[in-house]
Amino acid sequence: MKSGGKSFGKPPELHDWDLTPREAIAVQRTLREQIRTDLQIVNPRMIAGVDVAYDKPTGQSIATVALLEYPELRLAGSATVRMETPFPYVPGLLSFRELPPILQAFQKIETAVDLIFVDGHGQAHPRQMGIASHLGLWLRLPTIGIGKSRLCGAYEEPGPAKGDCSDLVYQNRLVGRVLRTRTGVRPIFVSVGYGLPLEDCIRWALAVTPRYRLPEPIRFADRLAGEAKKVK
DNA sequence: GCGACAG
DNA sequence: ATCTTGTCGC
């Protein structure tokens, strides 16, 4: 089945966000079973990138959703939210810290989105429930996890050319791929977020990464969040 | 017990 | 994530 672009109202809540680390882990274990990878992206028109910046002085988080037209990859809009950081940084529990602000930002988006790139892992996570998977499940939209470094799993260094990649394996399971998006630069970690099979995630990641190490949606979101932090 | 550890 | 300038190289 294919996924149609849709806008954002207030999706039915899967769980509460005010949790202890222990409870958060329990939630992840139940959510992992709900991840599906049988969707397809047909003629995507709008692709989103999300990222969160942290303002040390105030302890606040700034989340930005950047909207890019596809295949032009031009910025078509964005939404930014600034709020108190709700959860400490705990490896493996990043979504409980960054999704509250990210979801707030999405509520300000009126445009239909077909695919979302997230700055963080999806299934390349100890419980296969990284922030990309959590967001996709919450919004019921296809998401792809893009990590700049490894959280878990073993892998061989991929080849030196753009497009070269290797498997990221964790507990005997293929949880993602280490992809060289540009010759001469460190590879990125691509993993299934929600909706699409890994092969499609690699394909779409390359489709929106024409020149730099990171996908354009992520780069725009990162830049916009950084600028929003300065405005303060 | 020890090392690892997205952003 | 953030703290931070210039600098080497394509």
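All values below were derived from every heavy atom in this structure, side-chain atoms included, with hydrogens, water molecules and symmetry-related copies excluded. Worth saying up front: this structure is predicted, and the values here are computed from it rather than measured. The sequence lines fix the lettering, A, B, ..., with proteins before strands; numbering per chain opens at 1.
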Residues A:Arg203, A:Glu199: salt bridge by 4.0 Å N-O rule: no

Partners meeting side chain to side chain contact (heavy atoms under 4.5 Å, CB included) with A:Val169 (sequence neighbours left out):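 Scan of A:Val169 (side chain to side chain contact (heavy atoms under 4.5 Å, CB included), adjacent residues dropped) gives A:Asp167.
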
What are the residues of [range], sorted by number, that bring a heavy atom to within less than 4.0 Å of DNA chain B?
| range | answer |
| --- | --- |
| residues 147-180 of chain A | A:Gly147, A:Lys148, A:Ser149, A:Arg150, A:Leu151 |
| residues 121-135 of chain A | A:His121, A:His125, A:Gly130, A:Ile131 |
| residues 84-91 of chain A | A:Tyr89, A:Pro91 |

Give a yes or no answer on whether the side chain of [X] reaches the backbone of [Y] with a donor-acceptor pair at less than 3.5 Å.
| X | Y | answer |
| --- | --- | --- |
| A:Arg213 | A:Pro187 | yes |
| A:Asp114 | A:Ile47 | no |
| A:Thr209 | A:Leu206 | no |
| A:Glu227 | A:Leu224 | no |
| A:Thr58 | A:Gln60 | yes |
| A:Asp200 | A:Pro197 | no |

A:Trp17 and A:Trp138 aromatic ring geometry - parallel, tilted or perpendicular at 30°/60° bounds: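 Tilted, since the angle between the ring planes falls between 30° and 60°.
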
Could you tell me which non-hydrogen atom of [X] sits nearest to which non-hydrogen atom of [Y], and how far apart they are?
| X | Y | answer |
| --- | --- | --- |
| A:Gly153 | A:Tyr170 | N-CD1, 3.5 Å |
| A:Leu168 | A:Cys152 | CD1-O, 3.7 Å |
| A:Ala221 | A:Gly49 | CB-O, 3.4 Å |

Inter-residue atom distance A:Ile102.CD1 - A:Arg97.CZ, 0.5 Å rounding: 11.5 Å

Distance (rounded to the nearest 0.5 Å) between A:Met129 CE and A:Ile25 CD1: 13.5 Å

Opening and closing nucleotides of DNA chain B in contact with chain A, under 4.0 Å to non-hydrogen atoms: B:dA4 to B:dG7

Would you please name every residue forming a salt bridge (charged side-chain N to carboxylate O under 4.0 Å, His left out) with [X], sequence neighbours left out?
| X | value |
| --- | --- |
| A:Arg180 | A:Glu157 |
| A:Arg219 | A:Glu216 |
| A:Asp51 | none |

Between P of C:dA1 and NZ of A:Lys56, the distance in whole Å: 14 Å

d(CZ, A:Phe96; P, C:dA1) in whole Å: 21 Å

Touch class at under 4.0 angstrom, heavy-atom based, for A:Ile102 against every strand present: nothing

Touch class at under 4.0 angstrom, heavy-atom based, for A:Gly92 against every strand present: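 The residue A:Gly92 makes base contact.
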
A:Lys229 side-chain N/O to C:dA1 phosphate OP1/OP2 under 4.0 Å: no

Stems formed with participation of DNA chain C [Watson-Crick or G-U wobble, under 3.5 Å, three or more pairs]: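 So the stems come out as none.
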
Side chains of A:His125 and A:His134, donor plus acceptor under 3.5 Å: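 No, no side-chain donor-acceptor contact under 3.5 Å.
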
All stems with DNA chain B, defined as three or more consecutive Watson-Crick or G-U pairs under 3.5 Å: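 Nothing qualifies as a stem here.
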
Show me the donor-acceptor pairs within less than 3.5 Å that the side chains of residues 64-77 of chain A make with the rest of the protein, sequence neighbours left out.
{"residue": "A:Thr64", "atom": "OG1", "partner": "A:Thr80", "partner atom": "OG1", "Å": "2.9"}

Nucleotide-resolved protein contact map, nucleotides 5-10 of chain C, B/S/- at heavy-atom distance under 4.0 Å: ------

Heavy atoms of other groups near A:Gln171 CD, more than 12 under 6.0 Å: yes

